[in-house]
Engineer: 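Input: one structure, supplied below.
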Amino acid sequence: MQIPFLSLKATNQVYEAQITEAVTQTVCSGWYILGERLKQFEIDFANYCGVKYCIGVANGLDALTILLKASEFPNNSEIIVPANSYIATILAVSNANLIPVFVEPKLENYLIDPQTIEQAITPKTKAILVTHLYGKCCEMDKINDIAQQYNLKVFEDAAQAHGAVYQNKKAGSLSDGAGFSFYPSKNLGAMGDAGAITTNDDALAEKIYSLRNYGSSQKYIFDYQGYNSRMSEIQATILNIKLPYLDADNDFRRKIAKRYLSEIHNPKIILPPIDSIDNDVWHLFVVRVKNRDLFRQFLSEHGIGTDIHYPLAPHQQSAYKSWNSLTLPITEKIHFEVVSLPLNTALTDQEISYIIYFINKY
Ligand SMILES: *Cc1c(COP(=O)(O)O)cnc(C)c1O
């Protein structure tokens, strides 16, 4: 059996006819940027997340960058970030002329550790930007409490958490503002780059609408030094087709996660946390293995594709040379041991059984 880690052709197959028809209509409409399709998506995704505003942008990195820019912190203010995240979280902070301050995760759930956040706060700290990594929400009650105590803003990198729930509220509604990505492989994926910002803050939203469109709120009048970061009508068309199926897709992911969690019994494999299976959206199913190259090779020999999210921590990347000497042992251990198993809406029961069989055999 051959099971790729992810085939976007396979996961998009069920939407293909609908999307092709709707995209043809958009092509024929003659309106390609900032039109009715995007407006519709912004209304529907805001409702889905339970927030007042959703503002479509070009991608997830822009969503986070513009969110931070719109917040108007003084240059070189410190923003607390998870050391264990995709590099886009960190890039957004440096793109906005702010300083990322890395905070270690808890080893049990890979998410930023609220207890460690407090030690990282200085007089220059302005905000905490958390990542709901792998589709699991951070401990937002504790994080929001700390923020309130020190008068800090809180933002979410929700690029892996479309539909994830924390205390009956959705990711994207748990802070002052959130950035989403609709990169094709995300739980809600476009067919090209796309992103969005969600917030309940009127003033922030108004500034973001302007910043994504060159800093302009009125044609040829520029209030800010803005960006060209607009979600195209074609991507909005595709997301309008797929959004109504997001909950069903997330349920499908949960079913696979539950099978892995209950049927994988191998002392060499450390499984992800099970404390909120029904609230998590399982963007990735990540296990830890001591000798991961051997494990990946074994699975590969049986036709099973895996991936690593992520092999090298942001602070160890050449892009951030000045932080290469930092020691963040929990983050580094995680980056050294993680392996992502196939988990997507194209997998069959038979394929999942096959994957579980070989993982238990390893
Ligand atoms: C995908 C992702 C991003 C960036 O999204 P793009 O649309 O690729 O710019 C940011 N943060 C996290 C955690 C992601 O997984």
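The residues of the chain are indexed from 1 along the displayed sequence. Remember, it's 1-based here, ligands and their atoms both numbered in the order they're listed.
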Engineer: In Å and rounded to the nearest 0.5 Å, what is the CD1 to OG1 distance from Ile208 to Thr198?
Structural biologist: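 So the CD1 of Ile208 and the OG1 of Thr198 are separated by 9.0 Å.
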Engineer: Less than 3.5 Å apart, N/O on ligand 1 and N/O on the protein: could you list those pairs with the distances?
Structural biologist:
| from | atom 1 | to | atom 2 | distance (Å) |
| --- | --- | --- | --- | --- |
| ligand 1 | 5 (O) | Ser181 | OG | 3.2 |
| ligand 1 | 7 (O) | Gly60 | N | 2.8 |
| ligand 1 | 7 (O) | Ser181 | OG | 2.6 |
| ligand 1 | 9 (O) | Gly60 | N | 3.2 |
| ligand 1 | 9 (O) | Leu61 | N | 2.8 |
| ligand 1 | 11 (N) | Asp157 | OD1 | 3.2 |
| ligand 1 | 11 (N) | Asp157 | OD2 | 2.7 |
| ligand 1 | 15 (O) | Gln160 | NE2 | 2.8 |
| ligand 1 | 15 (O) | Lys186 | NZ | 2.6 |

Engineer: If you measure from OG1 on Thr20 to CD on Gln18, what distance do you get to the nearest 0.5 Å?
Structural biologist: 10.0 Å
Engineer: Using the test side-chain hydrogen bond (donor to acceptor under 3.5 Å, both in side chains), find all partners of Gln350 that sit at least two apart in sequence or belong to another chain.
Structural biologist: none
Engineer: side-chain contact (heavy atoms from CB on, under 4.5 Å) with Ile274: which residues, sequence neighbours excluded?
Structural biologist: Leu261, Ile277
Engineer: Go through the structure and list residues passing side-chain contact (heavy atoms from CB on, under 4.5 Å) with Asp176, not counting sequence neighbours.
Structural biologist: Lys153, Val154, Phe155
Engineer: Is Lys207 close enough and on-axis enough to Tyr224, meaning under 6.0 Å and within 45°, for cation-pi?
Structural biologist: yes
